[in-house]
12 protein chains.
Amino acid sequence: MTRNEGTEKLVLLLSGPNLDLLGTREPEVYGTDTLADHVERARVAAEKRGYGLEHVQSNHEGDLIEAIHGARGRCAAIVINAAAFTHYAWGIHDALAAYDGPVIELHISNPYTREAWRHETVVAPVATGSVCGFKGLGYEIAVDGVIRLLEEGAGE
Amino acid sequence: MTRNEGTEKLVLLLSGPNLDLLGTREPEVYGTDTLADHVERARVAAEKRGYGLEHVQSNHEGDLIEAIHGARGRCAAIVINAAAFTHYAWGIHDALAAYDGPVIELHISNPYTREAWRHETVVAPVATGSVCGFKGLGYEIAVDGVIRLLEEGAGE
Amino acid sequence: MTRNEGTEKLVLLLSGPNLDLLGTREPEVYGTDTLADHVERARVAAEKRGYGLEHVQSNHEGDLIEAIHGARGRCAAIVINAAAFTHYAWGIHDALAAYDGPVIELHISNPYTREAWRHETVVAPVATGSVCGFKGLGYEIAVDGVIRLLEEGAGE
Amino acid sequence: MTRNEGTEKLVLLLSGPNLDLLGTREPEVYGTDTLADHVERARVAAEKRGYGLEHVQSNHEGDLIEAIHGARGRCAAIVINAAAFTHYAWGIHDALAAYDGPVIELHISNPYTREAWRHETVVAPVATGSVCGFKGLGYEIAVDGVIRLLEEGAGE
Amino acid sequence: MTRNEGTEKLVLLLSGPNLDLLGTREPEVYGTDTLADHVERARVAAEKRGYGLEHVQSNHEGDLIEAIHGARGRCAAIVINAAAFTHYAWGIHDALAAYDGPVIELHISNPYTREAWRHETVVAPVATGSVCGFKGLGYEIAVDGVIRLLEEGAGE
Amino acid sequence: MTRNEGTEKLVLLLSGPNLDLLGTREPEVYGTDTLADHVERARVAAEKRGYGLEHVQSNHEGDLIEAIHGARGRCAAIVINAAAFTHYAWGIHDALAAYDGPVIELHISNPYTREAWRHETVVAPVATGSVCGFKGLGYEIAVDGVIRLLEEGAGE
Amino acid sequence: MTRNEGTEKLVLLLSGPNLDLLGTREPEVYGTDTLADHVERARVAAEKRGYGLEHVQSNHEGDLIEAIHGARGRCAAIVINAAAFTHYAWGIHDALAAYDGPVIELHISNPYTREAWRHETVVAPVATGSVCGFKGLGYEIAVDGVIRLLEEGAGE
Amino acid sequence: MTRNEGTEKLVLLLSGPNLDLLGTREPEVYGTDTLADHVERARVAAEKRGYGLEHVQSNHEGDLIEAIHGARGRCAAIVINAAAFTHYAWGIHDALAAYDGPVIELHISNPYTREAWRHETVVAPVATGSVCGFKGLGYEIAVDGVIRLLEEGAGE
Amino acid sequence: MTRNEGTEKLVLLLSGPNLDLLGTREPEVYGTDTLADHVERARVAAEKRGYGLEHVQSNHEGDLIEAIHGARGRCAAIVINAAAFTHYAWGIHDALAAYDGPVIELHISNPYTREAWRHETVVAPVATGSVCGFKGLGYEIAVDGVIRLLEEGAGE
Amino acid sequence: MTRNEGTEKLVLLLSGPNLDLLGTREPEVYGTDTLADHVERARVAAEKRGYGLEHVQSNHEGDLIEAIHGARGRCAAIVINAAAFTHYAWGIHDALAAYDGPVIELHISNPYTREAWRHETVVAPVATGSVCGFKGLGYEIAVDGVIRLLEEGAGE
Amino acid sequence: MTRNEGTEKLVLLLSGPNLDLLGTREPEVYGTDTLADHVERARVAAEKRGYGLEHVQSNHEGDLIEAIHGARGRCAAIVINAAAFTHYAWGIHDALAAYDGPVIELHISNPYTREAWRHETVVAPVATGSVCGFKGLGYEIAVDGVIRLLEEGAGE
Amino acid sequence: MTRNEGTEKLVLLLSGPNLDLLGTREPEVYGTDTLADHVERARVAAEKRGYGLEHVQSNHEGDLIEAIHGARGRCAAIVINAAAFTHYAWGIHDALAAYDGPVIELHISNPYTREAWRHETVVAPVATGSVCGFKGLGYEIAVDGVIRLLEEGAGE
């Protein structure tokens, strides 16, 4: 796998609804770091590998769809923690399907150990891979991993 | 998260049925690297962080159960690509439930983009996290990630 | 049950999509009162017990999520008629899960006597209680009830 | 909605199986008040609005069916906490279907946050409305609400 | 496990609907012993271990519920063959949930080798254990076993 | 098919819950005849063929079970309109299974054109036959038919 | 219920696939009478009440549909034993839905005591009533019953 | 069917999420025409029959709900390609339910030949009709058809 | 899309079971036009575009299968209103799968607003597109549309 | 297993709908041989073992039912490729159930590797055995096998 | 029930995967006794009644199958705690089906109060009876009970 | 279909769990021949066509997986009677998926006439064809058939 022609060395990191509460909501599940902390560490990881990071958080499905549209032909990869949208927002699925680069599905906790409705995912069918349950480390692992996927290939 | 008392700086890497064919079976899905290639890269990643790596591959569910038993109180973490056993071998689930350290579920491809029967997993309910779809990079990402989880904690 | 520390004597009343049509849409199901009529009567009921009432109506899920965020640490309780969002908008569920005070699910009609898809609710798993089918009286019963829950406790 | 011709200013309050244990069974779910306490507060609420209250508790489905028969043409409304019968006793459903006044389904806790079998209800399809999860306040809120429904109408 | 404070050395044995026909109904499934024969042998078993036995058979769910209520704080254990009620009578479930001692589910035949509707059980979720398919011996095995559980503990 | 040895020329007619309301409840579904009218016509039909008719109506499942027990070895056939019990009261199923003569399931209306929960029947698996939807004529058609089945055989 | 204007005193009796084998196929289920025997007895029953009987048997769904079309505005009632077509031939359902008189669903055995796929019926949703399990008597009971429904009404 | 009183000769054409990408996304499924091309052809078709066309595209469910509200009493018909919203956005369902004129569900491809989740539709239960799979022609066929429905009636 | 080599400018229009009753059956659902009226208007539409129209109606699945066979290599397109066969007659599915030109599924009403069994369709998986719910206009819209698809292409 | 008394040394080979297209329809699935080719090879195989072969192909379920009727007491075995009828035509199931000799279910391709609706079979519950996926060889393997079953028994 | 001819006074006790961990794994669920403790107590119980006990534990399904084969015609009964294999290992089911003596299903805890996947059992359909939830006492109760079943019969 | 390059004229015949009991287990279902008898006849059939036969029976899934691995590039075809493993052992599925030659699924009886859990098969999705229900003849029919498929092609 290599970077699509025309795209920049840029990863789009997307955060879905309620993630703006990170650090204050159910800390026993999600830890005490804020979203800004997570994003900052992810940015550092990206920059270490010569990539930029663009971050969008929204509680509106439409905003995330449009951010994905904006990444077409410009960002080399998308890492998305769609939060609750993961489980029903098929509009995000279709937007991702129209995006050419690798897509990593990210969850801080492991959704498969939680409620049944969190086991359905609209992101997985259009995802290249996923990173779940690494808590605070997940953001940088996902960003670092997808860049390596682009730069080093994948043993194919 | 920190290393359980009494355990060594050692990660147990488990590979389930048919993974001994890696590199020759459906290369368009799994790549051309052999299992030995994957394990070697994972070992390098572990050693960079001062850990050893023990690897067991078996086509027998009972062997994997017993390898997990052997890790209790000795290995600091388990990374398991249970392959087809992922979807029905509850004996592995119970063995992992009796293990105290972190468990990472690993898949080379993304099972949620494949047949319906690959969407059920007996590993997830007892896993700390998962790494799917990173193809050749998955082994080292998972091993590296779980060691960092042990050494650095998780932003909790 | 008592008012959480730091919150004001204030109830947040939320109205979901299409409720701005109340009084004109299917009056045989929902009555002829407008949403403003319902809210006004709820406000009077709140003020009789020394509480204020804040009302937000939106056809955008994201707006309701953000209104719930804004109630954290400020409003003593939430009464929510999520309308169609009740049945799929898990983002609202997660937002309510991150709110500490009592949450009352409100419906003007009784959804369990209507179409099957109206029997699923994302609000119920995070609700303290519910009021359904009281038509025009529901708004004030719910607001009055939740304030009494806060002020008088619940026979616990 | 107005009182049916021929009926008295009387509300029938029905309590299903095991509610005679209230105050002693799972107090963390149901509180410490006894059924008599609940009924007494409901009676006071009814009398404040000029209504009488008749109460029947039984662990026998047949007794509840016959109490409902006895309310036809005599009681202005029914409030029913059918407890476990809520989930399978279709004989109660048919009895309520043959009753003309408003019927309020009452639960002390919120059944939708409990076991799956408590999510089915035979009462809802023939209920005018419901009051759930208000714990000790539920009895009086339901009785007071249904009388107001009869006396004041419902904003229709 | 030890006997709850305040309870007597007394086991309540409950028999559900149609068990009064035992010995005459489908003897190829249930044997030719009458219910009295079973109860007598169970009583002997109880008395050998210094316990009394109280037996109630009823074709009315309400009677069984009330017998369970009567055992609270008085009988040390319950053994219940709920017969057909096993499969739908949630009122019995709730009554057993409000009882503090051990509950043993008893069946003369093995319900899992019979019709599908006999595979659902409302007793199991509130049972400590079960004894099925021992035909004429089941009554005394269940009574003897539950007394040993109380007297000897369980290797915990 | 012939009358079982030892039984009398007697048909047991059973009516389940709420049928005591016949003639007053939903007359557009069930007609205006009372239960007494139906039973009387059925008795006339039986007597024309030299049989007696015994009728039991109850809102208690246990009563119906015991009436069925009482028919064993005494009544030549049973006609049962179990009303709402049809759909969940497996205790009645087991009682009928222990009865040797022919059993006819009777419904005044056609349950298969009504709500889904009326499509399940605990009586059918132990019934010889059924008569549904003949409204006021159903009682006598069922009684007359089962006697002919006994007296004339069935073309076997 | 009265005969529709314009129709004759004529009942259409329909027999579906494989019923031409009656008397030779699985006699332990269906008896030894031939279809001609059944039809003859039904004809006698009809004539006793002043009605004619028209009979059509076919193994072709299309033939039965067209026979139903031919009964519109001409035959006063239809009695249909659709045999295997009962369970999937929705074309027959639609044809019956376009017929105005009463429709009786007839089965010689009781389908609810047989395989699961025989429990679904496309006839029931458009049937006035049904007669099942009366074996050789079913044909005449159904024909006699539907004529009485037309001539005597139904106690409505 | 005729135009509702008070409405103008105006069709509202609605396009859901991701349709702004038309012509660039999966052209083998959706063709190479842009949304503007489709809308323009639809406008020409409308104008040929003396109607205007108003078009709204949005990736926000709330915007579409409000566009539907704005059509009440003003636009004579709605043609809606809800794209991914088709499969879960019940808020759009409720908004359409509150609209009085004809509603045509439009899809460029045939969703029933695609993934299972595209077979569910919240639009269909409130639609007058649908046009699927005509690719580039679908927009004008749907707009032209609904106008003819209004102007010529429908053979009723 | 262009006309397959060797086919004539001819559309085959197929009508399934009970459609011969059109105009007389449930006119509130299907209108008062007869099938001949619909076919005639469709023929006019085809001829305006230089195509002929062949029409076959049958209540026999086999006849429709054979008509489809006869269209192979001869008719340029098929428009099929399979009526009740739509929901179970997989033989028609297989026949259509063996036909090379475009296939349009046609329904006069909108099946998705009717009974659940009308939501399954054996035609859709092998259809190019569909036209539903346009009542009397559907026949000509479908025929006109499929010819344009052949002659003009589809914006691909 | 031996030939039933009275039957001839004759195998009935049945082919369901659309098989008359064999050799022209989806040759990549079914091969290029025509049905006549398959039947001829099967006849040769039968004759080698001293049996005759009778072949019936029809697109009408009724014709196949009647062919099966005609085989009773005359043909020693049936081999049936019911094609699409395999999946819903229960009339064929009932006809085969009334036939006494061995029945072999035949499919040219392997239906279990195709669409889900091809996994259900009405033939299997009444079949002695099956032969699937042997393409052009299947006809003769099935015919040869069933004759050997009759002549040699089966190692019983 | 009596001992099968040719078998010895010997009970085979089988323990499935992970039971070798007993006493160390989830002691709050399974207690602190080791498997050896359980087996020893069971052996004492068997010897009291003049029987021997043979014990096999394995984490390999194949080993258990072979142990069951070895019991045919030699051991008088089998008691099996199949642990996780209980829920999917149909090979064990088939092996038990080929064994003629009584089979008792044993569980230390009550699987019906645990995860849903523990409610399915492949052992139950071939078991004579079961003993669940008696913790440390279960082994001896089951062994003692099955010997009594053999020696005393079962009241049949 | 022709033999894959590099493979020998050798068929691998695999027998799953409990088949070593053949001839002694449920002879009314499986006949009295031993597995050795079946294999011997299959070997003769193979040798008649110039092929060798290799046979492996195991009660261990892992052994069968490894036997399949060993056939890659060496055996021309596999015939597998996976017995109970057929219904859950996805590891065998994956091993077969990695094998390039034809695979024939073999069953001695017809699993579709037995318990529901025997209707699921993990072998079918990767099988070329199947032979079921030919009892003692099945082994040689399957082996002979797959060799003919290799040698003669399949009429493609």
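Residue numbers begin at 1 in each chain, while the letters A, B, ... track the order of the sequences.
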Candidate pair K:N18 and B:H69, rule side-chain contact (heavy atoms from CB on, under 4.5 Å), full reasoning: CA-CA 8 Å; K:N18 298 300; B:H69 290 186; 2.7 Å; yes
Inter-residue atom distance K:Y88.OH - B:H87.NE2, 0.5 Å rounding: 13.5 Å
Geometric class of the K:W117/B:H93 ring pair [parallel <30°, tilted 30-60°, perpendicular >60°]: perpendicular
Approximate separation, where rounding is to 0.5 Å, of B:W90 CH2 and K:E120 CD: 11.0 Å
Working for side-chain contact (heavy atoms from CB on, under 4.5 Å), residues B:E61 and K:E61: CA-CA 8 Å; B:E61 180 183 0; K:E61 179 183 0; 5.6 Å; no
Toward chain K, the part of B:D63 with a non-hydrogen atom under 4.5 Å: both
